[in-house]
Amino acid sequence: MECNIVINNKIISATKGETILDSLQRNGIYIPTLCNIKNMFPTGACRLCMVENKKNGELVPACSEPVEPDMIIETHSNKVTNARKTIIELLLARHPDDCLYCERNSNCELQVLAYEMNVREKKINSVKKVPGKDLSSQAIQRDPSKCVLCGRCVRICRNIIGCNTLDFAGRGNEYSISTPFNQRLNTTNCINCGQCIVACPTAAIFDKNNILPIQKSLSSYEKTNIVFYDPLLPLALQLHLGKKSKNQIEFINGILYSMGFHEVKNLNYIIDLYIIAVAKEFYKFVNENENPVFYTSYCPAWVKYAEQYYHDDLQNLSQIQTPSLLFGNIIKNDTKTKNTNQFVVCFEPCTARKFESRSGSYSESGFHSVDVSATFREFFQMMRIYGIQPDKVLLKQFDSKTNINSSSSILLNIQGGLLTSVCRVLLKLYPNEVKMKSKVKLENGKIFKKLTLKIKEKEIVFVSVSGMLEATKTIDKLKKNIENANFIEVLACPHGCINGGGLDFGLDKESQVRFFNKIISEVDQSSNFQNALNNESAFNYLKDKLENSKEIQRTYKKRTII
Amino acid sequence: MNINIALHLEQLYESKTNKTLKLPNPYSWSAFLGTNAKTRIYVPYSSCSQSAGAAIVLQAIEKYTIENNIDVDIVKTSCSGLCSVEPIFGIDTRGKNPIFFKNVTEYDVESILDGFFHSFIDVEKVLFQFRLSHAEKWRGVPYPEDLEFFKNQKREILLTTLQTEVLSIEEYVYYGGFLSLYIALRELTQTNLIEIVKEKGLRGRGGEGYLTGQKWQIVKETASSEKYVICNSYESDPSSYVDRFIVENMPYKVIEGIALAAYATGSSKAFIFFNRENEFAIEVFKKALEAAYFHRILGENIFNSGFSLNIQVVESPGALVSGEETALISCIEGGRATPRIRPPFPAIQGLWGKPTAVNNVETLVCSVNLILKNFTYEEKNSNPTQTKLICLSGDINNKGIAEVEFGTTFNEIIGKVGGGITKNNNFQALLLGGITGSIFSKEQLDYKLDYDYLKQLNSIVGSGGFFVLSDKVCIVDMMKYLLEIQSNESCGKCIPCREGTIQLKDVLTQITGRPIKDEEHKALERFKGVLNMENIATIMSQTSMCNFGKQAPKSLISSLKYFRNSFEEHIFERRCVANVCKKLRKYYIEAKICTGCGVCSARCPVSAIFGNPKETYSIIETKCISCGKCSESCKFNAVFYE
C-alpha cells in the first residue's frame, strides 16, 4: 500500500510495511549502517541506522522499523548524529589502534564510519582488547580483537553457506564470535569459501597473505617463476581500475611480466582441457551406472564440504584434478624442462584454492603442484607494491603453444557455466548418442542452470546450484527422491566464483554479480569459438598424454569433524 | 482429607449459577474438618524460608511430635511474605485461633511446643494469631491487621497464604481453586473471557504494563495453525523474588492462570520458563503439574469441554537477559538468549513464528483471581487487578513480599509496610525495579506506584523490587556494582548496551579507586571519561535494542541528577563520605599511639610504610594503595583513616 511519509521535511512516497531504510535508499538518502545485509532479515545490532521519529522524539532503527503512514522522520538531526558518533566512539574505545598495520587499512568500514562521523578525539579511555590471532588455517585467518561484533559473518555462514562455523559465544563483556568450542579454524568444519572475509567490515577475518613468498621467489635468482591466472581476473581488474580497455589479457600479462615473472601461462587452455575431460568422464559414468548421480569437483570449498559430510558420495565426485592444480602438475612433471626450481603462482577469485593447493591429493608428500595460490586482492596489492602504472604497461601475448582457448573457459566462474560447457562438448563429441531434448541452442551465450539431455535414450538431468546451503538442500532433496538430477554442478559461493571470497572489498555485491554476469555472457555470445572441443590442441594433449595419467587424477579423503 | 475434585467443582459451579457462591473463609479449615480434625502445625516451606532455617525447624518439630507421641498433621504451607521473621511456624488446634511464632530456631521448638500444649505461650516469640469465629482467642497476641506490615497492604493474591498445604490440590480446590477455569470452560467463550479481562483493565506485571486482554486478543485474532502461551517466571532481577515466591507458594494457581490464558488465546501448548537456579520452585511446580495431570485438570479434554492443554517446563540457560520476552522465545527454540528486534511482536510472530502470548506469572495469577471475583456473588464489584506484589529489600526493617494497591506512595510503602530504615539510619535513595531500575531520592518519596504515573516520569515499575538504600551506602559504589552486573549480563548484541556498560563501569571503577600510577595524560583521559558519562548513558538508553539496555543506564542518569554531590566528592576531593569506597581511604599513623613495633611496615605489600624501630612509623601517601593491611595488623590500633 502506497503512503506518504515526511523525511527531512520532504514528502516521500513509500510502501507500507517496508522498512524505513528501504525507502531512504530508494530516495537516495544515505544513512550509515554496519550490521545490515541486503535482502536478509535485519538483526538491529549496530544501532547506527537510528533515525529520529519526530512525533515522539524517539530514535528508531531504520533497518527494522516498518514504514507507517504519515511518519515524520529526521535522518540527520542533532540528536541522531550525536548518537551515531557516540556509538562509533564506544566501538573504537576497545578497538586496537593499529590502523597503519592493519590488513584493511584504507578499505575498512569502521575507518570510513569514524571518518564520516567526524570522530576526532579519544574521549573514552578503556582497556584494549588483546589480539589473539588465529593463523592456523591455510586460507582464512582471524583476529577477534578487531571484531566489532556486527554478526555479518555469522549470518552469511549460517544462512548462505550453512556451515555454522562461526557463531556468537559468551555474553556481556565476553561476547565474541567464535568457532565451535573455540577451536582453531583449521580443525573446524570451515570450508574456506571466504564469504565471511568479504562480509567483514574490519580486519577481524582476512585471508592468508601469500605476497611475501611470491616476492621472495621473484627476487631469487635460482627460481623460475611461472604464473597463470583465472580468466575472471581481466574483468575484475576492469572493475578495480574503474575503466574498460581492450586487450585485457595482454595487459595483465604485461603487468605480470613487469613484476618479474618469467613465464605467464594461459590457464584457459587447461580449463578447456578440463571441460573435455569432465565431459568424457561423465559420459563414461553414465554408461557404467544405472542411476548416475555425478557431482562436479571444480569448487574446492564444495569438495571440502563433501569430504566432511557426504562420505558415501565421494566416489560420485568428479575424479579430474581441478584446472590450476592440473596445470601445476603438468608444468612440474614436464620431463623436458624438469626443474626443481620452478615456482608456480596462481591468481584466483577464491580463498578455498589456497587451502586446496596446500592439501590437495598431490601435496601430501610435500610436493605442491601450485606453490602459491593467491587471490585477486593480492594481485591488486602486488600492483601497488610494484608501482604498476596502468597506462604504461607493455602488452604481452601468451606463448603461442597454449595461446588458444574457447570462450567456455570463462563460463566456469558463473553458476551453470560448467554445466553448459560440458553439454556443449558432449553434444559435439558424441553426436550420435547424445541428443538435445528440446530445441534450445547452447551456443547463444545463454547460461543454463538446468538442462536435460538424452544420452543413449536415457534422460539425463543437469542441474547447477550455488550457495552451499542451497546446494545441500538440493542434494538432500535428491537423496529423498523429491527431485531428480544426474549431473550436479556445485559452487559454494552464491552466484558462483563471480561472488567469490577472493574478490575486491567494498563493492556492492549485487551490482558486481550483475556486471560479471552480463559481461561474461557478452564475451561468450560474441565469441566465434565457444565449444571447448574446438580447442583441438587441448583435446589431443588430453588424449595422448594425460588420459589415465597420475597428473589428472585426484583422490578424496574422508574428513571427520566434531 | 479427601474431596472429589470434579464433584466439588460441580457443587461450587451450581452455587455460582444460583448466585449463592461464597467461598469458604481461608482460615476456617478446622471448622470444616469437624470432629476428625487433628491439630495442624504449619511450616512455611519456600526456598527463602528454607534458607532461613525452616528445614531444620521442620525436623525439630517432627522429632518433638514423635518423641512426645503427639498426633498432629505437619503441613508445608505457603509463606506469609514477611521474610525477615522467618523461619516461622504456626499451630492450629480446634477451638482456638491459629497462632504463629516467629524467628524460631531448632532449639526454640521444644520450649514453644511444650508451652503451647500447656496453654502457655511466649509473647516474645509470637508473630500473630488469625481470627476465627467461634474460637478461643489468645490474649495479648496481635492479629495480622494489628501489624504495620499487614495493616497497610491490600492482600488479594496473598490472601490465602499460611494456611493451606502448598502441594495439596484438594485444599486448593476447596478454597475455590480451578473454579475460574471451570467457569471459563463451562460458560465463557474466548471473546467473553478476553472481554472480562479487558474490562477489568488487567495489566502485565512483567514491566511495562501492557494490557493483558489486548495481548490475548491479538494472539487470538492472528490466524495460525498453532498458538502458544509462555508463562515467564524468569526473575531477571536479583533484588526481587516475586515470581519465585508465587510459583513456590501457589503452583496450582499458576497452572490455572496458564490454562485460562491458553483457553483465551486458543493455544493447546504452553510453556513455563524458569530460572534454572530456582531449583525448589521447579521441583514444586513439577510436582503440581503431575497432580494436575493426574486429576485430569491438564491434558486432553479438560472438564469434558473439548479444550486440551499441555504445559512444558523450560529451564533457562541462566542469562539475566533471557527474561526478556524475545530472548526467552529464542531460548525455548534452542538458540542463544539474545533479544531480537520488534516488530514483529511475539503476539503476532513469536515462538517458531507462531503467535505467542508471553505473560508474567503474576499476571496470570491475577487473571485467575479476576475471573473468580467476577463470578462470586458478594464481591462482584471489587477489582482484584489493582494490587501489585512488591519485594522489599535493602536497609529496611520488614523485608519480604508485600502486596500494595496501585497509587500507594513510596513513603507509605517504605515507612509503613517496610517499617522504616534499619538501625535508625536515614533514607538516602530507593532503587525501584532492580538492576535495570531507576533511583529515587528523598524528594521523590511522594511518588505513587502506578504504571502510567511512573511512565510519565520516564521510569517503570518493573519487577516491583524495592531496594532501599540508607545513608550508609555510597551511591557511586552502588552504581559501580549495578554496572558490573549489567556489563556481565548484557547479552552483548547491540553496541550501545554492550560497550556502554563496559565503558561506564570502567569510568566508575576509576573514580572509586586510587590511581596507582598517576601520569598526567592518564588523569586527563580519566577526566574525559567522567565528562562523557552522562552522554554515554543517555545515548545508551535512547538507542539500545531491548528494554534491558534502555533501562540499564537510567539509574545512573537519575543518580547523576540527584546525587551529583556524591559523584563530585569522589572525583574532585577523592573522598567517599559514606566510607564505602575503601580504595579512596587515606591512612595515617597516630604518632601518640604508635609503639614502633614495625609490624605494619612488614605487612605493607607496596612498602609504603617507613620508620625506625621503636619510633613512630609513617605512611607515604603517594605509594599507599589503601589496602588496609596496616590497619588490620596493628595491635595497638594506631592506624586510622580520614
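What you see is a predicted model; the values in this text were computed from it and never measured. A, B, ... follow the sequence lines: proteins, then strands. Residue 1 opens every chain.
Atom CG of A:N56 has more than 12 heavy atoms from other residues, nucleotides or ligands within 6.0 Å. Counting non-hydrogen atoms of neighbouring residues, nucleotides and ligands closer than 6.0 angstrom, the OH atom of A:Y115 reaches no more than 12 such neighbours. Summarising the local packing, NZ of B:K354 is surrounded by more than 12 heavy atoms from other residues, nucleotides or ligands at distances under 6.0 Å. Heavy atoms from other residues, nucleotides or ligands lying under 6.0 Å from NZ of A:K128 number more than 12. For A:E174, the CD atom is loosely surrounded, since the number of other residues' heavy atoms within 6.0 Å does not exceed 12. No more than 12 heavy atoms of other residues, nucleotides or ligands shown are found within 6.0 angstrom of OH on B:Y481. Heavy-atom contacts from other residues, nucleotides or ligands closer than 6.0 Å to NZ of A:K133 number 12 or fewer.
Residue B:M540 holds its CE atom at 12.0 Å from CZ of A:R47, rounded to the nearest 0.5 Å. How far SG of B:C491 is from CZ of A:R171: 10.0 Å, rounded to the nearest 0.5 Å. Interatomic distance, B:T538 OG1 to A:K79 NZ, rounded to the nearest 0.5 Å: 10.0 Å. Atoms OG1 and CD1, from A:T86 and B:I536 in turn, are 7.5 Å apart once rounded to the nearest 0.5 Å. Here the CE atom belonging to B:M545 is positioned 10.5 Å from the SG atom belonging to A:C46, to the nearest 0.5 angstrom.
Contact between B:Q542 and A:L59 at its shortest, heavy atoms only, is OE1-CD1, 3.7 Å. Of all heavy-atom pairs spanning A:F41 and B:P344, the tightest one is CZ-CD, 4.3 Å. Residue B:Q503 comes nearest to A:L90 through the heavy atom pair CG-CD2, 3.5 Å, listed as atom of the first residue, atom of the second, then distance. Of all non-hydrogen atoms in A:S64 and B:I341, the two that sit nearest each other are CB-CD1, 3.0 Å. Residues B:I539 and A:A83 come closest through the heavy atom pair CD1-CA, 3.5 Å. For A:N173 against B:K505, the heavy-atom pair with the smallest separation is ND2-NZ, 3.8 Å.
Within the 3.5 Å criterion, the main-chain N or O of A:G172 finds no donor-acceptor partner in the side chain of B:R498. Between the side chain of B:R336 and the backbone N or O of A:G170 there is at least one donor-acceptor pair closer than 3.5 Å.
In this structure, chain A has no heavy atom under 4.5 Å from any part of B:T501. Interface residue A:V148: only backbone heavy atoms are found under 4.5 Å from chain B. Looking at B:I495, both its backbone and its side chain come within 4.5 Å of chain A, counting heavy atoms on both sides. Using a 4.5 Å cut-off between heavy atoms, A:T43 touches chain B through backbone and side chain atoms alike. Looking at B:S544, only its backbone comes within 4.5 Å of chain A, counting heavy atoms on both sides. A:P42 touches chain B through backbone and side chain together, each having a heavy atom under 4.5 Å away. With a 4.5 angstrom heavy-atom cutoff, B:N488 touches chain A via backbone and side-chain atoms both.
In this structure, B:N535 and A:N82 have side chains that are in contact, with non-hydrogen atoms separated by less than 4.5 Å.
Contact count against chain A (heavy-atom pairs under 4.5 Å) is highest for B:E489 among B:Q486, B:E489, B:R340. Put simply, of A:E65, A:E89, A:E121, the one with the most heavy-atom pairs under 4.5 Å next to chain B is A:E121.
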Derivation and outcome, side-chain contact (heavy atoms from CB on, under 4.5 Å), residues B:I502 and A:R94:
CA-CA 10 Å; B:I502 296 171; A:R94 291 200 297 158; 3.4 Å; yes

Audit row: B:K493, A:Y175, side-chain contact (heavy atoms from CB on, under 4.5 Å) steps and yes/no
CA-CA 8 Å; B:K493 189 175 179 181; A:Y175 190 61; 4.0 Å; yes

